[in-house]
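Any value given below was found using the heavy atoms of this structure, including those in side chains, with hydrogens, waters and symmetry copies removed.
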Amino acid sequence: QVQLVESGGGLVQAGGSLRLSCAASGSIFSINVWAWFRQAPRRPRELVATIVLGSTTYADSVKGRFTISRDNAKNAVYLQMNNLNPEDTAVYYCNVNATVRTTYRRLEVWGQGTLVTVSS
């Protein structure tokens with residue numbers, strides 16, 4: 001009922017920037033919470049950033065470098081990543097808590113992931 005499509009990953013050198021996008025489609029009544037997670041090899045998945053209404057949160061490791069934003073008209077969320085370093089290398093996943101139309105079910109939905117590789 002809800003699908004997420006991510007894009008924007010790639011290979012970048014340390015100090016560079018990338019912008020990730022995540023677009024939601026389907027029978028959406030509302031998206032309650034947007035979040036970005038990331039998972040690096042041999043490391044647990046970690047929460048990078050969230051946006052709920054007008055409030056944002058960030059992991060300490062990305063504060064001042066990453067910015068999460070929404071476009072409600074497009075049902076999309078973005079993650080602007082600046083001053084990347086090799087420790088940011090991971091698969092980044094978009095995640096939403098959504099309410100679907102008609103039934104008003106609450107769903108937790110994950111995107112397919114997009115790979116970000118930062119070289120030193």
Please list, chain by chain and in numerical order, all residues satisfying side-chain contact (heavy atoms from CB on, under 4.5 Å) with [X], sequence neighbours excluded.
X: T103; result: V100, R105
X: A49; result: Y58, I68, L79
X: S61; result: R38, A59

For this session: Applying side chain to side chain contact (heavy atoms under 4.5 Å, CB included), run through W36 and L20 and close with a yes or a no.
Result: CA-CA 10 Å; W36 287 98; L20 306 184; 3.7 Å; yes
Problem set entry | ring pair (Phe, Tyr, Trp, His ring centres under 6.0 Å): pairs with one or both residues in residues 59-106, sequence neighbours excluded |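 Output for this query lists F29-Y104.
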Problem set entry | Flag, side chain of R45 to backbone of Q39, donor-acceptor distance under 3.5 Å |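 Flag not set: sc R45 to bb Q39 has no pair under 3.5 Å.
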For [X], what residues pass the side-chain hydrogen bond (donor to acceptor under 3.5 Å, both in side chains) criterion, not counting sequence neighbours?
X: R101; result: none
X: T57; result: T50
X: T99; result: N32
X: Q112; result: none

Sequence neighbours excluded and cut-off under 3.5 Å, please list the side-chain donor-acceptor pairs for residues 113-120, or say none.
{"residue": "T114", "atom": "OG1", "partner": "G9", "partner atom": "N", "Å": "3.1"}

Exercise. Does V52 sit in a hydrophobic cluster with other residues, and if so which ones, taking ILVMFWY side chains as linked at heavy-atom separations under 4.5 Å, directly or through other members?
Worked result: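 The other cluster members (ILVMFWY side chains, heavy atoms under 4.5 Å, direct or chained) are V33, L53.
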Exercise. Considering all heavy atoms of both residues, which atom of I28 and which atom of A24 are nearest to each other, and what is their separation?
Worked result: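 For I28 and A24, the tightest heavy-atom pair comes out as CD1-CB, 3.7 Å.
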Exercise. How close do A40 and A90 get, heavy atom to heavy atom, and via which atoms?
Worked result: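 Minimum heavy-atom contact is N-CB, 3.9 Å.
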For this session: Starting at OG1 of T67, measure out to CZ of R65 and round the result to the nearest 0.5 Å.
Result: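 Spacing of OG1 (T67) from CZ (R65) equals 11.0 Å.
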Exercise. Applying side chain to side chain donor-acceptor pair (under 3.5 Å), which residue pairs with at least one partner in residues 6-24 are found, sequence neighbours left out?
Worked result: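 Those involving residues 6-24 are S17-N82.
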Problem set entry | Single-linkage hydrophobic cluster, 4.5 Å side-chain cutoff, V77 and I31 together |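 In one cluster with V77: I31, yes.
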For this session: Decide whether V62 and L47 are clustered together by the hydrophobic rule: side chain heavy atoms of Ile, Leu, Val, Met, Phe, Trp, Tyr closer than 4.5 Å, transitively.
Result: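 No; tracing contacts between hydrophobic side chains, which count when under 4.5 Å, never links both residues.
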For this session: Decide yes or no on side chain to side chain contact (heavy atoms under 4.5 Å, CB included) for C94 and W34, but give the supporting numbers first.
Result: CA-CA 7 Å; C94 179; W34 289 98; 3.7 Å; yes
For this session: Can you sort out the partners of E87 under salt bridge (Lys or Arg N to Asp or Glu O under 4.0 Å), two or more places apart, ordered by chain and number?
Result: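 Residues passing salt bridge (Lys or Arg N to Asp or Glu O under 4.0 Å) with E87: none at all.
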Problem set entry | Test side chain to side chain contact (heavy atoms under 4.5 Å, CB included) applied to V96 and L4, N75, L107, the passing residue |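 For V96, the side chain to side chain contact (heavy atoms under 4.5 Å, CB included) check succeeds only for L4.
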